[in-house]
Asks: 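Have a look at this one.
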Amino acid sequence: MNLSTDVSHLKGVGEKTAALFKKLNINTYEDLFSYYPTDYIKYNPPVSFSELKAGNVCTVRGLAANVQGPVKAGRYSIITVVLKDGLNTLEAVFFNQPFIKKVIKVGGYYILRGRIVQKGAKLIMQSPKLFKEDEYAELVKYPQAKYSLTAGLSSKTISKALKAAFIDAQWGEECFPEKYLKESGIPSRKDALRLIHFPECDEDIVTARRRLSFEEFFYFIMLLRKNKAISVSTPNNFKMIETAETKRFLESLPFKPTAGQKKAWKEILDDMCGERCMNRLIQGDVGSGKTLIALLSLLLAASNGYQGALMAPTEVLAMQHFKTVKEYISKYNLCFEPVLLTGSMKAAEKKEALSKIESGEANLIIGTHALIQDRVLYKNLAIVVTDEQHRFGVRQRQALAYKGKEPHILVMSATPIPRTLAIILYGDLQLSAIHELPAGRCAIKNAVVGTSYRPSAYKFFKDQIAEGHQVYVICPKALSDEEDDGELENVVDYAEKLRAALPGVNIEHLNGKMKPQDKTDIMQRFSKGETDILVSTTVIEVGINVPNATVMMIENAERFGLSQLHQLRGRVGRGSAQSYCIFISSKEDDKIMERLNVLKSTNDGFKIASEDLRLRGPGDFFGVRQSGEFAFKIADIYSDSDLLESAGNLVDEILKDDPSLSKEDNRLIKEQVDYFFAHSELFSSI
Ligand code: ADP
Ligand code: MG
């Protein structure tokens, strides 16, 4: 079978499983192979009861001495099994699993795996999983891949399908020079895929990632270079002159722009009034005031009689920008005629917005990717500003660029990346960096703590809420799934836990799996102050501005990259009140704490990024959630920076020798690049 064969041809994959695969966008063998594990579970041999530690997920083997319950407690029906291991005892607590009563017999030996928690003076095991002896012995041998799932599907089913696919898949030829791969220690694609799904040890995962990350970087950079080739010689089709409007706006602001803002604005002015089309990136830490620069650029276009577009990665952000702009217009009497265009708008509203865009009545268009759909016709689009740009694909950026007559492009990013990497990633863009924050900001107070700190944190939430403030809590997972071992907190259960701990407090939760309209509504309620605590995944990471929120608490902080934690922290400290950030680590080993403590010692995003680079070895933290801004599927710009560099070098080498990729040696690369160009959605994540 070739790689584009439908998964329904796989042995053991029936109609039902195939339908579930489709839900995860797994249609072909290729899709299945590139459905990478999100994590690996390491099943350790059982430990003796005396070695148990609160907070850890452990496996024990013990003699069932007593089975109590079920006892009703609210929505739960609780069964407690008392296990013995020599003289020590351990209580294992099962929630809503009535069958346990039938399965576990007093006098038998059982293997249980679950999280150990402190309850009063003793340790208990919470919601454990029960294993058969021989089944567990198998699991202990190798790291077990865990996948992002949908209801009704298990990681085991995915692994089984993968095993079948490896047996009958026909692999294509190698696309990279064999010699190069050998010298760089990069395995073939087939080997890499086998290792990523079925590793026998940690090194296998590292080896696999070398190939898969390299490949991802390679094509990303290749597409960037192609983009550059197109844009580098573009003349300025929309030459502007500096108007009184932008000067007046700057002078009437209640604050003075920072030196970085001034410099960035000057560079933009020079570009837009100069001979060539602008293609510029503004890199500035969270809160450095990038929005002002965007507005100035858009205002320059509007006052020159042109249209400008501001594209945000989410509806919530687009709406927030729209609101900010409207406030600015009424406060400073700016010459903007703004319209909002998002996917979830009603048909009639959309129609009206579209007609205003086409007629030129609107000179500032704010929206999500709805802005680049074919139906949107612009009268004279002169500049496109994208906020938090990495969420958009190279192609999307290009598509929008071609809607007009090659407008100026300004992209804003809050991910500070070291210069060497920036040059590789943004070879096609001019760079403006804003290094300082506006003066007078109150520094955020930080705490890096273990899970035992939670009760104090909850009390602190209460006090802050009583003072009229709001709280964010971030969890790494959206929902619990069947294979949950309790190691990672999920938004839904956590919100429930908080409601129990903080009666009378208004708590809502938000995750990326919700409908866009629901997400927007929840965010809106939080924004208006109707919700006290918002429990969310990192969907709120980018750009959201709720100055009244003063506390950010991040659960499983050890699972996030430092840069991403820094971004999340940037959601507080936006108003005049003192703000706080609490990083909770479920593991308290020295290496993890050292890494997290970097956040306590500095608030400089560039410094944090380079520490992230230094403290994270390749493959060190496979489960670490990567910065959402650079949504590479597997590669990580920080821990894989060496691969990023070598991919950049290989791209340059190949293009130098064969700029149009027309040589036979590069045929496969060309095919792949053309394929990505034709299927922009494949690259929409980067
Ligand atoms: P980001 O760079 O993260 O997008 P924003 O543009 O949202 O930051 O700005 C954060 C806040 O700082 C806004 O409330 C904005 O009005 C304010 N701000 C921007 N520039 C300055 C400045 N030079 N002095 C004081 N406050 C500023
Ligand atoms: Mg912003």
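First listed ligand is number 1; within each ligand, the first listed atom is number 1.
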Asks: With sequence neighbours left out, what residues match Phe322 under ring pair (Phe, Tyr, Trp, His ring centres under 6.0 Å)?
Replies: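 Testing Phe322 for ring pair (Phe, Tyr, Trp, His ring centres under 6.0 Å), a comparison that skips the adjacent residues, returns none.
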Asks: Looking at Lys256, which atoms of ligand 1 are within less than 4.0 Å of one of its heavy atoms?
Replies: 22 (C), 23 (N), 24 (N)
Asks: By number and element, which atoms of ligand 1 are closer than 4.0 Å to a non-hydrogen atom of Arg574?
Replies: 3 (O), 7 (O)
Asks: Which heavy atom of Ala312 sits nearest to which heavy atom of Ala318, and what is that distance?
Replies: CB-N, 3.7 Å
Asks: Any luck finding a side-chain donor-acceptor pair between Arg569 and Asn446 under 3.5 Å?
Replies: yes
Asks: My understanding is that only one of Gln283, Glu267, Lys266 makes a side-chain hydrogen bond (donor to acceptor under 3.5 Å, both in side chains) with Ser432; could you say which?
Replies: Glu267
Asks: Say whether Gly287, considering both its backbone and side-chain N or O atoms, lies within less than 3.5 Å of an N or O atom on ligand 1.
Replies: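 For ligand 1, there is an N or O atom that lies under 3.5 Å from one belonging to Gly287.
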Asks: Going by heavy-atom distance to atom 7 (O) of ligand 1, choose the closest among Thr291, Leu437, Leu295.
Replies: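 When every heavy atom of Thr291, Leu437, Leu295 is considered, Thr291 comes closest to atom 7 (O) of ligand 1.
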Asks: Going by distance only, is there an N or O of Asn545 that falls short of 3.5 Å from an N or O of ligand 1?
Replies: no
Asks: What atoms in ligand 1 come closer than 4.0 Å to a heavy atom of Thr258?
Replies: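 Those qualifying, in numeric order: 23 (N).
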Asks: For the residue pair Val551 and Val572, establish whether any side-chain heavy-atom pair is separated by less than 4.5 Å.
Replies: no
Asks: Short N/O distance, under 3.5 Å, between Gly289 and ligand 1?
Replies: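 Yes; the residue has a nitrogen or oxygen that sits under 3.5 Å from a nitrogen or oxygen of the ligand.
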Asks: Between side-chain atoms of residues 323-335 and protein atoms elsewhere (two or more places apart, or another chain), which donor-acceptor pairs fall under 3.5 Å?
Replies:
unit_1 : atom_1 : unit_2 : atom_2 : d
Thr324 : OG1    : Gln320 : O      : 2.8
Ser330 : OG     : Glu327 : O      : 3.1

Asks: Just to be sure I read this right, does ligand 1 sit under 4.0 Å from the backbone of Pro257, its side chain, both, or neither, counting only heavy atoms?
Replies: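 Under 4.0 Å from ligand 1, Pro257 contributes backbone atoms alone.
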